[in-house]
Enquirer: 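Got a structure for you, written out below as structure tokens; questions coming shortly.
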There are 2 protein chains.
Amino acid sequence: MARKKSLDQGPVLRGQILARASELFYERGYAATSIRDIADAVEISSSTMYHHFTNKQEVLRSIVVGFMVDFNAATLPVLADGDRTVTDRLDEVIRIHIEMSDDRRPELLVGNPIRYALSVDEQEEGIALQARYHDAVLALVEEGRATGELDVRDAGIATMALLDMLNGIREWYAPDGRLDREEVVQDYIALARNLLRARDTAGTESTAATAAAR
Amino acid sequence: MARKKSLDQGPVLRGQILARASELFYERGYAATSIRDIADAVEISSSTMYHHFTNKQEVLRSIVVGFMVDFNAATLPVLADGDRTVTDRLDEVIRIHIEMSDDRRPELLVGNPIRYALSVDEQEEGIALQARYHDAVLALVEEGRATGELDVRDAGIATMALLDMLNGIREWYAPDGRLDREEVVQDYIALARNLLRARDTAGTESTAATAAAR
DNA sequence: GTAAGTGTCGATCGATCGATCGACACTGTT
DNA sequence: AACAGTGTCGATCGATCGATCGACACTTAC
């Protein structure tokens with residue numbers, strides 16, 4: 001086999017590495033995936049990896065931070081949009097949460113072993129990004145409780161229940177299975193309203209339903 | 001240091017190994033935990049490990065299967081108890097689920113990387129045990145929908161939402177934090193009733209409330 | 001045309017991994 | 001006293017790990 005042509009493919013290779021590394025980390029875990037596994041999957045040598053990333057940790061860090069930055073960019077503006085009702089915003093965030101964590105499933109790397117693999121600084125960076133989303137959802141739930149749109153005893157617990165419910169989907173949802181994704185989105189919007197005892201506000205109902213159906 | 005005394009401590013050492021291994025696997029992940037890490041934590045040599053387990057995989061398998069067997073033994077009889085109302089059974093299972101997954105938190109090892117670490121037979125064994133619990137909860141939700149006690153569009157989706165909501169708790173609940181565990185249990189019982197739109201059945205209400213408060 | 005910069009590779013490093021082996025201590029049986 | 005069975009250990013195996021190095025191909029700038 002001839003030497004791989006070294007035409008400058010710019011940041012393309014870096015993106016390929018991140019994409020394949022995400023999948024391997026997601027399936028096997030970070031520790032069980034070797035640099036050579038990733039290199040083989042992208043059909044490069046292991047040494048080439050080190051021209052694009054300083055070490056294995058940096059590959060993981062890029063994936064984790066990259067996803068969370070995009071995720072927050074998509075959700076935070078919606079959560080903080082004061083012009084819309086709480087229920088309306090909640091519906092849309094649930095849709096974004098489900099669709100984004102399904103579309104980019106392998107990139108959503110969380111859990112203790114992932115944290116353990118990162119340096120202290122990287123841990124704090126990742127946790128801070130997650131906390132920003134968490135706090136924004138919590139603020140929305142508290143706002144809903146204040147306006148009477150939602151009815152929960154403890155906003156903190158209800159928020160965790162909601163987020164865990166949404167985060168669990170990617171572990172069992174299979175696109176080729178019994179369920180259509182839009183079906184899942186609609187059901188989860190309804191389930192979330194049940195969970196938080198969303199009030200059927202007559203004035204905003206049509207608006208929310210329209211947004212939910214998109 | 002003198003040679004470790006070899007007084008027969010029966011299955012005690014095996015239990016210690018499993019306990020410490022659980023914690024390390026939970027914190028760092030299976031692949032990132034070496035046989036020597038476990039041995040050091042129990043203060044034995046790595047060779048001694050192999051007199052109690054055939055290999056590293058078998059340690060993981062023992063933990064996973066051991067927990068799920070106990071978990072099913074505690075929950076399945078409740079879920080299938082035809083003499084009680086659906087809501088009543090649901091409340092108690094939620095309590096057991098939360099308390100057991102908190103008490104034995106490190107033993108609850110799940111996810112893709114864990115599956116990847118097990119052999120095909122072991123995977124199927126573990127999945128089968130989890131499926132038995134899942135199916136029993138699903139059957140209860142469907143029963144509740146049939147009797148009118150619960151009101152959900154798709155029982156399968158609602159069941160996954162409920163289970164994910166419960167499984168997420170151990171990732172964030174800290175015993176020394178703001179929340180008392182009994183508080184969490186009570187809130188989740190209420191949240192689950194919201195989620196599944198449990199009907200306030202006049203006849204069984206007092207029974208269910210009593211069971212919930214235990 | 002030649003020098004600098006970039007990207008890729010094979011070869012290889014020391015460290016660590018899971019697992020094995022023989023030696024030895026202790027207990028209980030005969 | 002001799003023996004078998006069990007549990008523990010240090011030493012060590014081959015394999016694989018993350019990471020480094022120098023050599024080489026190719027592009028671009030001058």
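Sequence lines set the chain letters: A, B, ... in the order given, protein chains first and strands last, and positions in each chain run from 1. What's counted below: heavy atoms across the whole structure, side chains too, no hydrogens, waters or symmetry copies.
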Enquirer: Give the rounded distance in Å between these two atoms: CZ of A:R28 and C1' of D:dC17.
Expert: 14 Å
Enquirer: Find the distance B:Y50:OH to C:dT20:P and express it as a whole number of Å.
Expert: 7 Å
Enquirer: In this structure, how many angstroms lie between the P atom of C:dG18 and the CG atom of B:D40, rounded?
Expert: 12 Å
Enquirer: Would you verify whether the NZ or CZ of B:K56 falls within 45 degrees of the ring axis of B:Y50 while also being under 6.0 Å from that six-membered ring's centre?
Expert: no
Enquirer: Assign each of A:R36 and B:H51 to its nearest nucleotide of DNA chain D by heavy atoms, then name whichever residue's nucleotide is nearer the 5' end.
Expert: B:H51
Enquirer: Base, sugar-phosphate, or nothing: which does A:S34 touch, judged by heavy atoms less than 4.0 Å apart?
Expert: sugar-phosphate
Enquirer: What's the separation between atom CG in B:D102 and atom CD in B:E99, rounded to the nearest 0.5 Å?
Expert: 8.5 Å
Enquirer: Out of C:dA19, D:dC21, D:dG10, which has the shortest distance to the side chain of A:S47?
Expert: D:dC21
Enquirer: Check the pair B:H97 / B:F71 against ring pair (Phe, Tyr, Trp, His ring centres under 6.0 Å), numbers first and verdict last.
Expert: CA-CA 8 Å; B:H97 189 132; B:F71 188 83; 5.2 Å; yes
Enquirer: CE of A:M49 versus P of C:dG7: gap in Å, rounded?
Expert: 15 Å
Enquirer: Specify the separation, in whole Å, of atom CD1 of B:I44 and atom P of D:dC9.
Expert: 7 Å
Enquirer: Does B:T48 put a side-chain nitrogen or oxygen below 4.0 Å from OP1 or OP2 of D:dC9?
Expert: yes
Enquirer: Mind calculating the distance between CG (A:L13) and C1' (C:dT8) to the nearest angstrom?
Expert: 10 Å
Enquirer: Provide, to the nearest angstrom, the distance between the CG atom belonging to A:D37 and the P atom belonging to D:dT16.
Expert: 11 Å
Enquirer: First locate atom CZ of B:R95, then atom CG of B:L90, and finally report the distance between them rounded to the nearest 0.5 Å.
Expert: 13.0 Å
Enquirer: For A:L60 and D:dG18, what is the distance between atoms CG and P respectively, to the nearest whole Å?
Expert: 13 Å
Enquirer: Check this one for me: any side-chain N or O of B:H52 less than 4.0 Å away from OP1 or OP2 of D:dT6?
Expert: no
